[in-house]
Amino acid sequence: MDAIKTEILYARSASELASAAPRAAALLRAGGLVAFPTETVYGLGACATDPIAVARIFAAKGRPTFDPLIVHIADRSELSRVLSSEALSDPRVGALADAFWPGPLTIVAPAAAEIPELVRAGLSSVGVRLPDHETARALIRATGTPIAAPSANLFGQLSPTSAAHVAAQLEGRIDAIVVAGPSRIGVESTVVSLLPGEPARLLRPGGVPAENIERVLAPLGPLEGPATASTSGAALPAPGMTASHYAPRARVRILDLDAPDLRDLSRVALLAPDREILERLKRCTAGLTVVTSAVLSEQHDPVRAASRLFELLHQLDAELQVDGGRHDTILTTPYPERGLGAAIADRLRRASAER
Ligand code: TXA
Ligand code: MG
């Protein structure tokens with residue numbers, strides 16, 4: 001892929017946004033790729049109705065085409081451009097949108113005809129969300145079409161929660177980066193499927209805790225529901241939910257502190273849910289070279305931990321890479337799966353999966 005010039009468009013204030021939004025929108029309408037902030041992670045956007053532009057997303061990320069994209073809208077009224085009339089009349093769609101939009105919830109439901117096959121990865125359903133981020137919505141409004149956007153990282157690598165993370169992975173591969181502050185929530189949206197005749201199912205834990213969704217809908221079906229066949233024929237729990245995802249360059253190992261497996265470890269970085277667990281991790285790794293360490297939240301607050309998760313993984317990974325050791329490891333412990341903790345635990349498990 002030839003390098004292209006990536007424009008940096010600052011949108012850190014209302015006045016910067018006023019000039020960044022029209023420029024970003026012009027690039028998007030011309031079929032370009034623009035990374036932009038959302039409350040969960042930065043997204044890599046293209047016009048959702050332009051199949052060629054959408055194809056560029058897959059090329060820029062190196063993403064397999066069996067992994068569908070999330071379509072972003074700025075207002076509830078645009079939902080009719082994304083979902084089929086059957087989906088629009090499903091009361092569960094309205095109930096979830098009322099309760100959680102704008103916000104970190106993606107609803108998967110039957111797609112409108114205008115949504116290209118590639119966005120849906122050949123499925124008849126599409127994922128849609130209304131982000132709780134003024135800059136993201138201003139950009140979608142200025143463009144005038146829904147925006148398809150996966151997280152703005154290379155396939156299989158850590159999700160970006162800052163413009164700097166995006167630039168490090170995608171500079172030279174995309175047309176522009178809209179720069180605002182760090183993503184407030186820090187883990188991707190919760191994905192819930194609402195398919196006709198099926199119970200609602202949690203496809204990916206994320207920014208809205210599953211417990212909150214179950215307060216609005218009947219209990220959710222299990223994450224590993226009937227496998228969805230990917231176009232390659234392989235069965236996956238949900239398209240795109242490959243076991244190894246969100247991976248830093250270093251290996252990640254989740255230690256059981258009561259029976260720690262320290263085999264094959266030498267240089268490590270410690271990532272602890274809280275201060276107390278960091279002290280226990282330090283004691284049990286006393287014989288190893290501990291390069292650096294970090295605490296997700298001093299007070300063990302999962303909301304704060306989620307907002308720092310990818311940032312700290314990026315940081316520990318960079319510190320471990322200083323002398324390029326290929327077998328360096330980030331050590332962490334199981335994260336309690338309550339509230340946002342389920343999304344944190346899920347991302348850590350995927351980061352630690354065999355690659
Ligand atoms: O918070 C987020 O959701 C971020 C920001 C940018 O909005 N986006 C994001 O996109 O995380 P991405 O591409 O990294 O994750 C999209 C995932 C897919 O891998 C798949 O698991 C699920 O959403 N998904 C999307 N459309 C689907 C569909 N039609 N059926 C099943 N799952 C779908
Ligand atoms: Mg992603």
Side-chain angles (χ1 to χ4, degrees), residues 34-46 48 54 57-58 61-73 82-84 87 100-112 115-133 135-137 139-140 146-161 165-166 169 178 183-195 198 201-208 223 225-231 236-247 306 310 343 346-347 350-351:
V34 176
F36 62 97
T38 84
E39 79 281 28
T40 56
V41 300
Y42 274 65
L44 177 59
V54 169
I57 292 180
F58 289 90
K61 286 194 54 148
R63 178 180 175 116
T65 51
F66 58 74
D67 192 355
L69 304 180
I70 294 170
V71 175
H72 298 69
I73 57 175
V82 183
L83 297 186
S84 71
F100 301 111
W101 282 357
L105 174 75
T106 294
I107 296 173
V108 170
I115 300 300
E117 188 98 349
L118 191 53
V119 172
R120 301 179 267 117
L123 301 165
S124 56
S125 62
V126 63
V128 60
R129 89 174 185 100
L130 202 169
D132 185 15
H133 199 290
T135 307
R137 290 203 303 267
L139 182 64
I140 300 165
I147 304 287
S151 48
N153 53 280
L154 292 170
F155 177 70
Q157 295 197 19
L158 284 180
S159 296
T161 54
H165 295 158
V166 179
Q169 293 192 37
V178 175
S183 296
R184 178 170 55 82
I185 293 178
V187 290
E188 296 87 344
S189 61
T190 302
V191 181
V192 172
S193 91
L194 297 177
L195 299 181
E198 284 185 24
R201 207 168 4 246
L202 179 70
L203 297 183
R204 175 176 76 182
V208 176
L223 189 54
T228 318
S230 74
T231 46
L236 298 170
M241 296 301 281
T242 43
S244 155
H245 215 126
Y246 311 107
F310 286 124
D346 171 76
R347 302 310 186 265
R350 285 174 204 284

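One-based numbering, in listed order, for ligands and for the atoms of each.
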*asked:* Pairs of nitrogen or oxygen atoms closer than 3.5 Å, one from E188 and one from ligand 1: do any exist?
replied: no
*How far apart are the C-alpha atoms of F58 and L69, what are their side-chain angles, what is the distance that settles it, and do they pass the side-chain contact (heavy atoms from CB on, under 4.5 Å) test?*
CA-CA 10 Å; F58 289 90; L69 304 180; 3.8 Å; yes
*I would like to know whether K61 and L154 meet side-chain contact (heavy atoms from CB on, under 4.5 Å); could you show each step before the answer?*
CA-CA 4 Å; K61 286 194 54 148; L154 292 170; 5.5 Å; no
*Show your reasoning for whether side-chain contact (heavy atoms from CB on, under 4.5 Å) applies to N153 and F310.*
CA-CA 12 Å; N153 53 280; F310 286 124; over 6 Å; no
*asked:* Would T38 count as a polar contact of ligand 1, with the cut-off being nitrogen or oxygen pairs under 3.5 Å?
replied: no
*Per-atom contacts, ligand 1 versus S125 - under 4.0 Å to a heavy atom*: 28 (C), 29 (N), 30 (N)
*So is there a nitrogen or oxygen of D67 less than 3.5 Å from a nitrogen or oxygen in ligand 1?*
yes
_Taking every non-hydrogen atom, the tightest pair across A148 and I57_ = O-CD1, 3.5 Å
*Relative to the heavy atoms of H72, which atoms of ligand 1 are at a distance of less than 4.0 Å?*
5 (C), 6 (C), 7 (O)
*Run the numbers for me: atoms of ligand 1, each under 4.0 Å from some heavy atom of V108, listed by number.*
27 (C), 28 (C), 29 (N), 30 (N), 33 (C)
_Part of H133 with heavy atoms under 4.0 Å of ligand 1, whether side chain, backbone, both or neither_ = neither
*Ignoring hydrogens, just give me the one of P68, A121, G43, A149 whose non-hydrogen atom is nearest atom 8 (N) of ligand 1.*
A149
*Indicate the atoms forming the closest heavy-atom contact of L195 with S125, along with that distance.*
CD2-CB, 3.8 Å
_So if I count the atoms of ligand 1 from 1 in the order they appear, which ones are less than 4.0 Å from some heavy atom of L123?_
28 (C), 29 (N), 30 (N)
*Return yes when R204 approaches ligand 1 closer than 4.0 angstrom through a heavy atom, no otherwise.*
yes
*asked:* Any donor-acceptor pair under 3.5 Å linking the side-chain atoms of T106 with those of S189?
replied: yes
_Under the rule for side-chain hydrogen bond (donor to acceptor under 3.5 Å, both in side chains), what residues qualify as partners of T40, not counting sequence neighbours?_
T38, R129
*S159-E188 side chain donor-acceptor pair, cut-off 3.5 Å*: yes
*asked:* With nothing but distance in play, are any N or O atoms of R129 less than 3.5 Å from an N or O of ligand 1?
replied: yes
*asked:* Please compare A111, A109, S189 and report which has the shortest non-hydrogen distance to atom 2 (C) of ligand 1.
replied: S189
_Check against side-chain contact (heavy atoms from CB on, under 4.5 Å), V192 and L105_ = CA-CA 8 Å; V192 172; L105 174 75; 3.9 Å; yes
*Short side-chain to backbone donor-acceptor contact, T190 and G206, under 3.5 Å*: yes
_Numbered atoms of ligand 1 (with element) below 4.0 Å of V126, judged on heavy atoms_ = 29 (N)
*atom 14 (O) of ligand 1: which of S151, A35, P37, G122 has the nearest heavy atom?*
S151
*Would you mind running through ligand 1 and noting each atom that sits below 4.0 Å from a heavy atom of T40?*
1 (O), 2 (C), 4 (C), 5 (C)
_Which heavy atom of I147 sits nearest to which heavy atom of F36, and what is that distance?_
CG2-CE2, 4.0 Å
*Nearest non-hydrogen partners of A48 and P116, listed with the distance*: O-CD, 2.9 Å
*Any donor-acceptor pair under 3.5 Å from Q169 side chain to L158 backbone*: yes
*What are the atoms of ligand 1, with element, lying closer than 4.0 Å to any heavy atom of L203?*
31 (C), 32 (N)
_Suppose the cut-off is 2.8 Å; which protein N/O/S atoms would you list for the Mg ion (ligand 2)?_
S151 OG
*Please round to the nearest 0.5 Å and tell me the distance separating atom OG of S183 and atom NE2 of H165.*
9.5 Å
